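Take a look at the structure below.
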Amino acid sequence: MNSVSCKRTAQAIAIGCAIALISPLSAETFEELDLLSDASADEETGIQLAQEQAARGELLEALATLERVLATEPKAHDARLLQAYYLCMVDDIRGGKVALSKLKKKRYEEEDLNVVYAQCGVEQEG
Amino acid sequence: MKRQLLLSSIAATTLILTAAPAMAEDVEVGIAGAIKGDVRVSTQDKPKEARVARKQRFFWGDVIRTKKKSQLHILLLDRSTFTIGSRTQMVIDRFVYDPNEGRSFFARIFEGAFRFMSGRNDANSGGTIETPTGTIGIRGTALDGIVGEEAMEIAEEEAAIPEDTDHDEDTATLIVLRGPGEATEGDLTVGEIDVTAAGETVELNQPGFAAYIPREGSPPIGPFRLSFAGLGRIQDQLQPSVTRANSGNGLVKALAGIAVIAGAALILSDDDDPVEPNSTADQPSPKDSAGRPPID
């Protein structure tokens, strides 16, 4: 799936830059938690953060980030598809399929859907 | 933070356990990472509820409550998370974390739906969640739980739950392990849960496996594989805003091997759980003499 740009707004840029400060290996602080909260308050930066966490293998943290995004942006279609994808990556195949079943196909590129279908072991149409 | 670390040695943990009531308000456990709707917090010393704002700190002993159509995502210091759905009440009584030693916590859920997902150092970390009917011991885990009437209603639709089960709609507890499973990607600890009630323990060690405690004093029923419908209903409780955002048909037609069951929930085929339309593949094999279904 395509990476999401964080350059649309000044706020997104600021939050996106803050994401870079959230080191995967640094000691946890409450200020760091604030940054995580800020990043996931915006759909684009939240998805970007989730993708970065997933790339580091922090899949549960990536899922948590998407949950925060969806709490405030329930129609964040990319976040919902990514959530299904990551659920299947942590071997919660049934949970991923339930999440998938609630999406609308017309919202997504076929290529993206096929990636998620493959991860979740869903047979494709045709 | 320094205070957290100072308190995190094993010896200190023992001290914390005994000193908790007096120190409760001083020990931060996490923040409100995301909020939807109306979320309230109160303490033993300040019983009048105050509205919670995003990034607000939570402390030992805070009583957290979500109202109708509300949701809260709690970020704990080790980046573990609690998500609680609408009309949920909980307390994090104790949370101790050392990046080198791991994390332990004790939390109580009085009513409503919740999800816990482990954060870092999960291999060395544990935790206990208490509900009105039992306790959940967790390790490296993502789990969903629901306490109250909705748990009872979901359980009543599950084939693994005997029809003559005596439920308590206020305290019935349903717990399901969400992962990570053995085939997980990333360097994650495979999730496990022990659900204990009335002196009996049910171990959940595969995503989708569930245990149900129908009332106080009853042992857990399970493990059983929660149906797609049941999983969907828990998801709806945890993310009510997402549920409301859904309208019309989802990807039903795009997914192969589906069957529609009661409540318009979906069943999708997968290798370990083949499903035929209108089949009962989510239902376990015939129960044994103790009324407990064998796994798969």
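Each chain gets a letter, A, B and so on, in the order the sequences are listed, and its residues count up from 1. None of these values were measured; they are calculated from a predicted model.
- The two atoms that bring B:Leu188 and A:Leu60 nearest to each other are CD1-CG, 4.3 Å, heavy atoms only.
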Would B:Leu75 and A:Arg68 count as a side chain to side chain contact (heavy atoms under 4.5 Å, CB included) if you check the C-alpha gap in whole Å, the side-chain angles of each, and the deciding distance to 0.1 Å? CA-CA 10 Å; B:Leu75 264 167; A:Arg68 289 193 298 277; 3.5 Å; yes

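- To the nearest 0.5 Å, atom NE2 of residue B:His73 and atom OG of residue A:Ser37 are 9.0 Å apart.
- Closest approach of A:Ala71 and B:Ala34 over heavy atoms only: CB-CB, 4.1 Å.
- Using a 4.5 Å heavy-atom cutoff, the side chains of A:Leu59 and B:Pro180 are not in contact.
- The NZ atom of A:Lys102 sits 8.5 Å away from the CD atom of B:Gln239 when rounded to the nearest 0.5 Å.
- For B:Phe82, the ring pair (Phe, Tyr, Trp, His ring centres under 6.0 Å) test picks out B:Phe105, B:Phe116, with sequence neighbours left out.
- Proximity to chain A (any heavy atom under 4.5 Å) is restricted, for B:Arg54, to the side chain, taken from C-beta onward.
- When all heavy atoms are compared, the tightest approach of A:Val98 to B:Gly232 is CG1-CA, 3.7 Å.
- The existence of a salt bridge linking B:Lys55 and A:Asp34 is excluded, since no basic side-chain nitrogen approaches an acidic carboxylate oxygen closer than 4.0 Å.
- Taking both residues in full, the closest heavy atoms of A:Asp91 and B:Thr184 are given as CB-N, 3.8 Å, listed atom of the first, atom of the second, then distance.
- Among the candidates B:Ile31, B:Val190, B:Thr83, B:Thr81, the residue making the largest number of heavy-atom pairs closer than 4.5 Å to chain A is B:Ile31.
- If you measure heavy-atom distances from A:Leu63 to chain B, the contacts under 4.5 Å come from both the backbone and the side chain.
- The closest side-chain donor-acceptor pair between B:Glu185 and A:Gln119 falls under 3.5 angstrom.
- When side chains are defined from C-beta on, A:Leu36 counts as touching B:Arg79, because their heavy atoms get closer than 4.5 Å.
- Figure legend: cation-pi geometry between B:Arg57 and A:Phe30 absent, as NZ or CZ is not positioned both under 6.0 Å from the six-membered ring centre and within 45° of its axis.
- The greatest number of non-hydrogen atom pairs below 4.5 Å with chain A, out of B:Gly179, B:Gly33, B:Pro207, is found for B:Gly33.
- Contacts between B:Ile35 and chain A at a heavy-atom distance below 4.5 Å involve the backbone alone (N, CA, C, O).
- A 4.5 Å side-chain heavy-atom check between B:Arg178 and A:Leu87 finds at least one atom pair inside the cut-off.
- Contact annotation for A:Gln83: only side-chain heavy atoms (C-beta onward) come within less than 4.5 Å of a heavy atom of chain B.
- Neither the backbone nor the side chain of B:Leu177 comes within less than 4.5 Å of any heavy atom in chain A.
- The minimum heavy-atom distance between A:Gly95 and B:Leu231, with the atom names listed, is N-CD1, 4.0 Å.
- No donor-acceptor distance shorter than 3.5 angstrom exists from the side chain of B:Lys36 to the backbone of A:Leu70, with no hydrogens or angles considered.
- Of the possible donor and acceptor atoms, one in the side chain of A:Arg94 sits under 3.5 Å from a partner among the backbone N and O of B:Leu226.
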